[in-house]
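For the numbers below, each heavy atom of this structure counts, side chains included, while hydrogens, waters and symmetry mates do not.
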Amino acid sequence: MKSAHYWLLILLILSGSALRFFQLDHQELRGDEAFSWNYAVNKTGPWHIVETIIQEGDPQPPLHYWLLQGWTRVLGDNEWALRSISATLSILLIPLMFAVGRRWFNPQIGLIAAAITTLHPYQIWLAQDVRNMYILATGFSLLSIYTLLQLQRTGDRVWWQYVGFSLLGLFSHYYSGFGLATHLVLILLTWQNSTRRHAWITANLAIAAVLIPWLLVILPVFLGGQLADPTRISLLDYFNNALLKFMSGPSIGLTAGIVTLLIWIGLILWGFSKAQHADRPKLGLLISWFGLTLISVYAVTFARATLNSFYLMVAFPAVYLLAAYGISKVQQTLLKTAILALMCVGFGLTLYNHYFVDAYSKTQGLRNITQLIEAQRTPNDIVITNIPDPVQVYYLRNTGIPRSLLPQRDIFTQADVTHAIDNLQPYFENVWVIPARAAKWDTNGLVEATFNDRYLRNADYNFATARLQRFAMNPATDADFIPLDLTLEDGIRLVGAYVAVNGNAATTTVKPQQWVRTTLVWQADQAPSADYQVFVHARAFDGFVVAQHDGVPHNAQQPTTTWQAGDIILDVHEFQLPAGLSTPTLDISIGMYNPATSVRLQITATGADSVVVKQYEVAATE
C-alpha cells in the first residue's frame, strides 16, 4: 500500500472516530436500545440470554447481547458506555471497507468506499445506537467476503476463517445470510478451479452444520408468535421508509432523500456502463447482494410487523462499493470533485440534523421526567407505566420509587383497569403516570382516561414527545386543594375545588389564551330530585363572564338524578381564556342550576347562587 493511501486511511479513521463519539450520549435511548440493555444487564450470563431468546421468541441472535453484557460489566450501563461498543465497532468498518475495496478492485476504490463509510449519516446513527448487531453483521460480512477473495487466490488454506466469519455474521443478525447467499454468484462466474469450489462447498456445509440446530430450536418460536402479525406495507411506503433513508440517512427530508437516491443510482449505472469485462462479475455480485437484501427484507414484512430502514445496512458494503466504482470511472477531475463535494454537503446537512435538530432526535423527555419525579416525589408515591416499554424502566431504574405496569397484559377490560387503580388508593398518596400509546397495549389510552375520570390530576407536564401526569388519590390531601364544604339546595354538597392554569395550581396570575382546568368534588347528602348542570365561569372585575364551561357532572356521565346519599363525584371543567382578555383581575365562580328553569341552586348558609373559589391578576402577554 502506498504511503499516501496509508495516511489517507489514517485520516479517515480519525475523522470517523470523532464523528462517532461526538455527542454519543446526547440523545436518550430509544426503546430497542433499552431492550438490549435489559438483556445485557438483567441476565446472569450468556446461557441465560440464550434461554430468554428461545422462551420469548426474540428475533435477534445472541452475539450482540453477549458482547454488550461483557462490555457493560466493565464500563457500566450509562448511555455513553452502552453505545461506545457500537461506536468502536463502527470505526473498525472503515479499514475493513478499504481492505475489501482494495482487494475487490483497487486502492482508489477502497479509499472512496472507506470515505463513504466514514461520513455516511446512517453509519453515524448506527454507531450511536446500542443495537450493535447491524455493525457486527456487516463487519463479519466484510471479513467473510475478504476471506473468500483470499480463497479464490490461495485455495483452501483459509476456508476455516471463512466459516468462522460467516457464522459470526449469522449469529449477529440473520440478514447477513443475504450476503452469503450471493457469494454463489462469484463462485459460478469466476471460479474455474474445482478444488477451490469444493473447498467453498465444504465450508458452507460446515456453516449449515452449526446453524441448522439453532434454527430448529428458534424457528418454531418465531412461527408461533413473532412472525404472526403481517404489516402488509405498500411498495411506496417501503420505498420511502426504507430505501430513501438507507441511501441518505434517517435525518433527512423527502425531497433531499430523493435527490440523494438519484445520485446513488446515477453513480451505480455509470460505473456499470464503464466497467471492464473482468469487473462485471464482481459488480454483479454486489448488485445481487443488495438486490436480494432489498427484496428479502420487504418479503419479511408479510410475516413480521416490523420494518426499519437500517435492516438494509447489512448490505451497505455492496452499495458503497458500487458507488465508489462509479465515482472512479468519472474521468473529468472537476466533475468528480463536484460529485464528491455534493455528497459531502448532503452528508453534512443530514449529520447536522442528527446532532442538533430535535425533530430527528430519539429523545422523548424521559430524563426530564425522571429528574422531575425525583425532585417532587413524596414518600407515598408510585409510578405507573401503561405500556411495557424498557426505555421507561431504564430511566426510572435508579429513582428508588415503586413502579408498576398497568395493564399487566395486552388483553384487558375497563373493569380490570378500574379495579387495579382503585386498589392503589389505600397505599399511595400520589400516582405518577407516563401515558403512552402502543399498537397492541392500551391503544386507546384507557389507563390515562380512567385516572382522569376518577382522581384529581394535580400535575401535567409535556416534554419532547413524552408526557407526565400526577394524580392525587385523595384530593383533600393536595396542598392546592380548596376545601369549601358548602351545602346547596336539594341535598348537594360542594366539598372543594382545585383550579389549575396551564397545569399550574399555585399560580396567582393568568394570561390570555391560557387553559383553566377546574376539578370539583361533590357529595350527595341525599338523592337530588332533578337533573342539574354545573357552571364554571371566569368573570372579569365587572362581573362579565369572559369564558365558561357548563355541563352535566362528571363529563355527562353522572347526572344528579343518579346520585345516591353518600356518593362522591369528581367533576372536571376546562376552558380557554380569550385572546382579547383585558380585565385587570379575574375570578373563577362555581354553581349549579336547573336547565329546565334556568334557576340556580342557592348555598344554604349564605343564600348566594355561586361561590368564587379562586382570584387571579391578569398579566399582559409578552
Side-chain angles (χ1 to χ4, degrees), residues 46 50 53 59-67 89-90 92-93 95-101 103-104 117 132-191 193 195-219 281-282 284-297 300 311-321:
V50 173
I53 288 174
Q60 312 301 340
L63 185 57
H64 112 273
Y65 295 126
W66 290 343
L67 289 177
L89 292 170
S90 180
L92 297 177
L93 294 180
L96 273 176
M97 195 73 221
F98 170 76
V100 171
R103 177 62 59 89
W104 198 267
T117 306
N132 60 67
M133 61 191 71
Y134 307 99
I135 298 172
L136 278 175
T138 305
F140 288 124
S141 294
L142 285 168
L143 288 168
S144 178
I145 195 70
Y146 185 85
T147 308
L148 185 65
L149 296 175
Q150 284 186 293
L151 279 169
Q152 187 177 10
R153 294 184 177 185
T154 62
D156 60 355
R157 286 183 294 173
V158 293
W159 72 275
W160 279 111
Q161 295 177 27
Y162 177 79
V163 171
F165 292 140
S166 299
L167 283 170
L168 287 170
L170 288 166
F171 280 96
S172 299
H173 199 288
Y174 301 119
Y175 287 174
S176 66
F178 303 144
L180 291 178
T182 56
H183 291 179
L184 181 61
V185 177
L186 183 67
I187 304 303
L188 294 176
L189 295 179
T190 64
W191 287 27
N193 187 298
T195 301
R196 293 174 184 173
R197 287 190 176 188
H198 290 157
W200 179 80
I201 293 171
T202 302
N204 278 272
L205 289 174
I207 293 169
V210 176
L211 186 63
I212 287 175
W214 170 257
L215 294 179
L216 291 175
V217 171
I218 202 67
L219 276 179
K282 300 174 184 178
L285 184 144
L286 296 175
I287 292 173
S288 299
W289 184 356
F290 181 66
L292 179 62
T293 304
L294 189 66
I295 294 170
S296 300
V297 169
V300 170
Y311 292 166
L312 299 175
M313 294 306 292
V314 294
F316 88 78
V319 178
Y320 293 7
L321 285 170

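Ile218 is listed as a side-chain neighbour of Tyr174, based on a closest heavy-atom distance under 4.5 Å. A 4.5 Å side-chain heavy-atom check between Leu93 and Leu89 finds every atom pair outside the cut-off. Leu63 places none of its side-chain heavy atoms less than 4.5 Å from the side chain of Met133. Side-chain atoms of Tyr162 and Leu143, non-hydrogen and from C-beta on, never get closer than 4.5 Å to each other. Leu170 is listed as a side-chain neighbour of Leu180, based on a closest heavy-atom distance under 4.5 Å.
Looking only at distances, no side-chain donor or acceptor of Thr147 sits under 3.5 Å from a matching main-chain atom of Gln161. In terms of modelled atom types and a separation under 3.5 Å, the side chain of Trp159 and the main chain of Ala203 share no donor-acceptor contact. Of the possible donor and acceptor atoms, none in the side chain of Ser296 sits under 3.5 Å from a partner among the backbone N and O of Thr293.
Atom-to-atom distance recorded for Leu211:CG and Ile207:CD1 is 8.5 Å, nearest 0.5 angstrom. With rounding to the nearest 0.5 angstrom, the NE2 atom of His64 is 8.5 Å from the CG atom of Leu136. Expressed to the nearest 0.5 Å, how far CG of Leu321 lies from CE of Met97 amounts to 3.5 Å. One distance of note links OG1 of Thr138 with CG of Leu92; it measures 12.5 Å at 0.5 Å rounding.
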Checklist entry - What do the steps show when you test Val100 against Leu96 for side chain to side chain contact (heavy atoms under 4.5 Å, CB included), and what is the final call? => result CA-CA 6 Å; Val100 171; Leu96 273 176; 5.6 Å; no
Next on the checklist: Does Trp200 form a side chain to side chain contact (heavy atoms under 4.5 Å, CB included) with Leu148? I'd like the steps, not just the answer.
Outcome noted: CA-CA 8 Å; Trp200 179 80; Leu148 185 65; 3.6 Å; yes
Next on the checklist: Checking Thr117 against Phe316 for the side chain to side chain contact (heavy atoms under 4.5 Å, CB included) test, could you report, in this order, the C-alpha distance in whole Å, the side-chain angles of both residues, the deciding distance, and whether it holds?
Outcome noted: CA-CA 9 Å; Thr117 306; Phe316 88 78; 3.8 Å; yes
Checklist entry - Could you go step by step and tell me if Leu294 and Phe178 meet the side chain to side chain contact (heavy atoms under 4.5 Å, CB included) rule? => result CA-CA 9 Å; Leu294 189 66; Phe178 303 144; over 6 Å; no
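When ring centroids are compared, His173 and Phe140 stay outside the 6.0 Å threshold.
Residues Tyr146 and Trp104 have side chains that never bring a donor and an acceptor to within less than 3.5 angstrom of each other. Under the 3.5 Å distance criterion, with hydrogens and angles disregarded, no donor-acceptor pair is assigned to the side chains of Ser141 and Ser176.
Leu285 and His183 get closest at one heavy-atom pair: CD1-CA, 4.0 Å. The nearest pair of heavy atoms linking Ser144 to Ser166 is OG-OG, 3.0 Å. What you find for Ser90 and Ile135 is that their closest heavy atoms are N-CG2, 3.7 Å. The two residues Ile53 and Gln60 have their closest heavy-atom pair at CD1-O, 3.7 Å. The shortest heavy-atom contact between Pro317 and Val314 is CD-O, 4.1 Å. Residues Gly179 and Trp289 come closest through the heavy atom pair CA-NE1, 3.4 Å.
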